[in-house]
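A quick write-up on the structure given underneath.
Remember, it's a predicted structure, so these values are computed and weren't measured experimentally.
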Amino acid sequence: MKTLLFTIAHKVKAIFENFSEALKYAWKVIKLKSRMTKSVVAFKFKKVDGSIREAVGTLQKSIVPQTKGAGSSPTVFTYFDMDKNEYRCAKIESLIF
């Protein structure tokens with residue numbers, strides 16, 4: 001868990017004034033992923049074109065289909081989109097809390 005926390009914090013540190021704020025953001029990302037393993041969660045992120053995307057997603061094993069592919073990168077937020085009924089991803093630094 002600490003490794004993931006620091007990996008995310010180092011990825012996003014450029015968008016914050018100090019590393020402490022980057023760590024707080026990383027904790028929010030980890031908490032969001034944790035909530036998504038237990039239920040369906042609504043969240044927001046900024047798309048590449050600058051628009052805000054409101055998503056409803058989950059990581060519940062009982063809902064999401066199994067994949068054959070390799071695991072995702074710790075710097076990419078992968079989730080199962082309940083509206084699109086397929087996997088989607090967003091850049092970690094684009095999540096809005």
Side-chain angles (χ1 to χ4, degrees):
M1 176 83 72
K2 285 184 181 179
T3 303
L4 179 59
L5 174 70
F6 279 92
T7 300
I8 294 169
H10 280 286
K11 174 69 176 166
V12 301
K13 69 182 178 184
I15 61 174
F16 293 100
E17 290 183 22
N18 56 52
F19 194 67
S20 175
E21 289 183 27
L23 282 170
K24 289 176 189 175
Y25 183 87
W27 269 119
K28 289 178 183 180
V29 172
I30 290 172
K31 287 178 184 177
L32 176 61
K33 278 189 174 188
S34 177
R35 283 190 336 199
M36 291 179 83
T37 61
K38 298 175 183 107
S39 64
V40 176
V41 178
F43 62 99
K44 296 178 185 179
F45 63 91
K46 189 174 187 176
K47 292 172 53 172
V48 176
D49 67 4
S51 63
I52 303 297
R53 164 91 156 84
E54 294 183 12
V56 178
T58 189
L59 295 172
Q60 283 183 281
K61 292 186 188 278
S62 61
I63 296 176
V64 300
Q66 283 206 318
T67 61
K68 295 182 230 172
S72 67
S73 166
T75 59
V76 175
F77 189 79
T78 304
Y79 65 97
F80 186 78
D81 191 313
M82 299 302 289
D83 296 329
K84 303 283 185 181
N85 204 31
E86 57 187 32
Y87 281 97
R88 294 283 192 222
C89 63
K91 293 179 181 179
I92 289 285
E93 61 269 19
S94 68
L95 293 170
I96 300 171
F97 295 103

- prompt: Which atom names give the shortest non-hydrogen contact between Ala55 and Phe45, and what distance separates them?
  reply: CB-CE2, 4.1 Å
- request: Verify side chain to side chain contact (heavy atoms under 4.5 Å, CB included) between Leu59 and Val64, making sure each step is shown before the conclusion.
  value: CA-CA 6 Å; Leu59 295 172; Val64 300; 5.6 Å; no
task: Name all residues meeting the side chain to side chain contact (heavy atoms under 4.5 Å, CB included) criterion together with Val41; count only those two or more places apart in sequence or in a different chain, and write none if there are none.
output: Leu32, Arg35, Met36, Ser39
field: Set of ring-ring contact (aromatic ring centres under 6.0 Å, His included) partners for Phe43, sequence neighbours left out
entry: Phe77, Tyr79
- prompt: Which residues pass the side chain to side chain contact (heavy atoms under 4.5 Å, CB included) test with Val76, sequence neighbours left out?
  reply: Ser73, Thr78, Cys89
statement: Using a 4.5 Å side-chain heavy-atom cut-off and chaining through intermediate ILVMFWY residues, the residues clustered with Ile52 come out as Ile96
All side chain to side chain contact (heavy atoms under 4.5 Å, CB included) counterparts of Leu4, not counting sequence neighbours: Ile8, Ile30, Pro74
- request: Mind checking side chain to side chain contact (heavy atoms under 4.5 Å, CB included) for Phe6 and listing every partner two or more places apart, or none if nothing turns up?
  value: His10, Phe19, Leu23
message: Minimum heavy-atom separation for Ala22 and Ala9, please, with both atom names.
response: CB-O, 3.6 Å
field: salt bridge (charged side-chain N to carboxylate O under 4.0 Å, His left out): pairs with one or both residues in residues 87-97, sequence neighbours excluded
entry: Glu86-Arg88
- request: Apply side chain to side chain donor-acceptor pair (under 3.5 Å) to Lys38 and list each qualifying residue two or more places apart in sequence or on a separate chain.
  value: Ser34
- request: Taking all heavy atoms of Phe80 and all of Pro65, pick out the closest pair and write down the distance.
  value: CE1-CD, 3.3 Å
- request: Could you give me the CA-CA distance, side-chain angles and deciding distance for Glu21 and Ile15, then say whether side chain to side chain contact (heavy atoms under 4.5 Å, CB included) is met?
  value: CA-CA 9 Å; Glu21 289 183 27; Ile15 61 174; over 6 Å; no
message: If the condition is side chain to side chain donor-acceptor pair (under 3.5 Å), which residues does Thr3 pass it with, not counting sequence neighbours?
response: none
- request: Only pairs at least two apart or in different chains count here, so list each salt bridge (charged side-chain N to carboxylate O under 4.0 Å, His left out) that has a residue in residues 75-84.
  value: Arg53-Asp81
message: Run the ring-ring contact (aromatic ring centres under 6.0 Å, His included) test against Tyr25 and tell me which residues pass, sequence neighbours left out.
response: Phe16, Phe97
message: Quick check: do Thr37 and Gln60 have side-chain heavy atoms less than 4.5 Å from each other?
response: no
